[in-house]
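Structure record follows, encoded as structure tokens.
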Amino acid sequence: MRRRVAVVGGGIAGLVAAWDLVRGGCAVTLLEAGPRPGGAIGTHRLGGVEVDAGAESFATRSAAVPRLIGELGLQDSVIAPHPSGAWLQLPDLAAPLPATGILGIPADPLAADVVRIIGAEAAARAAADREMPVDAWRGREDITVGELVLDRMGPAVLEKLVTPIVSGVHSARPEQLDAGNAAPGLVEAMLREGSLAGAVASVKAQAPAGAAVNSLHGGLSTLIRALDEALRAQGAEIRLGERVTDLPALLSAHDHVVLAVDAPAALRLLEPVAPQASAQHDTGQHDTGQHDDGTPGEPAASRAGRGVALVSLLLDAPELDARPRGTGMLVAPGVDGVGAKAMTHVSSKWPWVAEALGPGRHLVRLSYGRVTDVPGTGALGLESTDELLLAAARADVAALFELPRLREQVLEADVVRWEKALPQASAGHARRIRGLREELADSAVSVVGSWFAGTGLARVVPDARRAAAEILAT
Ligand SMILES: Cc1cc2nc3c(=O)[nH]c(=O)nc-3n(C[C@H](O)[C@H](O)[C@H](O)COP(=O)(O)OP(=O)(O)OC[C@H]3O[C@@H](n4cnc5c(N)ncnc54)[C@H](O)[C@@H]3O)c2cc1C
């Protein structure tokens with residue numbers, strides 16, 4: 001008899017695991033709580049064009065996503081972003097992001113594009129990293145990006161380069177972000193190379209040539225559609241609108257269960273199966289939040305500081321054809337009059353979008369919600385009303401492009417909220433994950449997904465495939 005495997009969660013992790021399992025001969029049922037597969041990869045329509053509403057690209061440092069794309073026959077649809085690159089908005093300056101860096105940490109602190117942002121004195125302090133011994137970092141676990149950068153390169157690199165990138169791209173605070181998780185291999189390279197700058201250069205040198213991220217013509221959701229079709233063609237059963245609440249019950253009807261859900265959902269489901277490890281993760285009180293179907297909400301602690309509200313604006317603005325801010329901007333905290341933490345100039349970054357929208361039309365996407373925001377202080381984010389977000393987005397787009405008229409040139413707008421799809425890997429995360437993996441090692445439950453593997457497709461896809469291979473090997 002074929003092994004019966006239930007996959008809970010139809011984001012990219014669940015879909016990829018299901019795809020390998022069904023091809024490995026399992027009878028796969030995928031249960032997704034929402035009305036569509038894809039999770040954090042979804043679409044919305046502006047100007048008559050369907051564009052990505054969540055994740056829009058994949059990191060090219062891993063071959064895992066391109067390999068998957070190839071297996072699905074989509075290799076000819078792979079596209080690189082426009083090479084103009086992103087900019088940084090600081091309180092007193094807007095400038096292109098330095099060309100060579102990881103998480104904003106420069107490979108050469110004395111490079112002109114770095115000095116322009118942090119100043120000559122701070123650059124000299126950062127360059128002292130090359131002379132300082134690294135031995136104090138040997139054997140250390142749970143190193144945060146913030147402490148590492150502050151010690152090696154000083155406060156200006158941390159505040160002006162690393163914080164805007166880490167908060168804008170990773171929705172995290174450098175002081176809380178696990179260095180091993182956010183930049184795999186960086187600490188090891190520092191110990192080997194003798195400096196943080198040397199480590200950045202060495203890790204960058206190992207990355208494949210070309211853009212750091214790519215996408216697909218038609219958007220990243222093309223990948224979800226292809227996986228969905230391929231799974232159905234292989235005979236997998238995909239059940240939408242099915243929120244799983246009882247893991248033991250599911251286990252009694254299947255030989256194996258793959259949990260591919262967000263962290264709070266996974267920990268709640270795991271409670272009866274792996275009480276020890278799941279308790280270590282669950283540090284908060286349960287709040288009064290409930291899902292629509294009445295199942296309990298998630299721990300309060302895990303609700304805080306996560307999630308973003310994205311405001312997309314379709315503009316009639318031929319003056320943006322020249323890409324005055326490259327492919328978009330990361331905004332440092334403390335920029336007067338700007339509430340957004342990042343702005344993607346979507347139609348600049350992805351030329352197929354510009355082509356589909358037509359001449360003079362532009363699409364920008366602004367993100368709101370910093371991890372440093374204190375609830376109740378009026379900072380814009382996930383909880384803000386559409387009205388407030390839309391007003392802020394109009395003002396911000398005008399301020400960031402330094403084109404006041406833009407606020408009047410909005411043709412269409414849309415607000416999308418992502419509550420759970422950006423888990424933060426705080427220090428100690430890797431250790432807790434190892435504990436949970438050990439506790440589940442001989443069980444009929446596997447856990448995949450971004451809270452387990454790290455944020456982003458380049459992490460999630462290979463991890464889901466590894467889990468599927470392990471199941472098939474037993
Ligand atoms: C706005 C945004 C932009 C991003 N941009 C990028 C990017 O450009 N590049 C990149 O690589 N990464 C990006 N990411 C991160 C990336 O999208 C995620 O790391 C990845 O998609 C997570 O996939 P997942 O399958 O682990 O989780 P999810 O996509 O969150 O999927 C989990 C699924 O589980 C379902 N579920 C939850 N509970 C249950 C239950 N009890 N029963 C059944 N189903 C359940 C949910 O409905 C959901 O569909 C972005 C994320 C966001 C939010």
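Along the sequence shown, the residues carry numbers beginning at 1. Order of appearance sets the numbers: ligands from 1, and atoms from 1 within every ligand.
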Less than 4.5 Å apart, any side-chain heavy atom of [X] and any of [Y]?
X	Y	value
W451	L267	yes
I238	E32	no
I41	L457	yes
R23	E71	yes
Q234	V28	no

One thing to verify: whether [Y] and [X] come together as a salt bridge, which I'm taking to mean a side-chain N less than 4.0 angstrom from a carboxylate O.
X	Y	value
R3	D255	no
E237	R239	yes
D228	R225	no

Could you list the atoms of ligand 1 found under 4.0 angstrom from a heavy atom of [X]?
X	result
L31	43 (C), 44 (N)
G9	34 (O), 35 (C), 44 (N)
A265	38 (N)
D262	37 (C), 38 (N)
S450	19 (O), 22 (C), 26 (O)
R243	38 (N), 40 (C), 41 (N), 42 (N)

Using distance alone, decide if ligand 1 has a nitrogen or oxygen within less than 3.5 Å of any nitrogen or oxygen in V244. yes

Return a yes/no value for E56: is any of its N or O atoms, backbone included, closer than 3.5 angstrom to an N or O of ligand 1?
yes

Is it true that E242 lies under 4.0 Å from ligand 1, counting heavy atoms only? yes

| query | Should A260 be listed as contacting ligand 1, given a heavy-atom distance under 4.0 Å as the test? | reply | yes

Selected option - heavy-atom contact closest to [atom], from [options]:
atom	options	answer
atom 2 (C) of ligand 1	G54, G10, G38	G54
atom 4 (C) of ligand 1	G449, A55, G456	A55
atom 39 (C) of ligand 1	V261, L269, L310	V261
atom 15 (C) of ligand 1	I41, V461, T455, L457	T455

- Item | Short side-chain donor-acceptor distance under 3.5 Å, T43 and E50 | yes

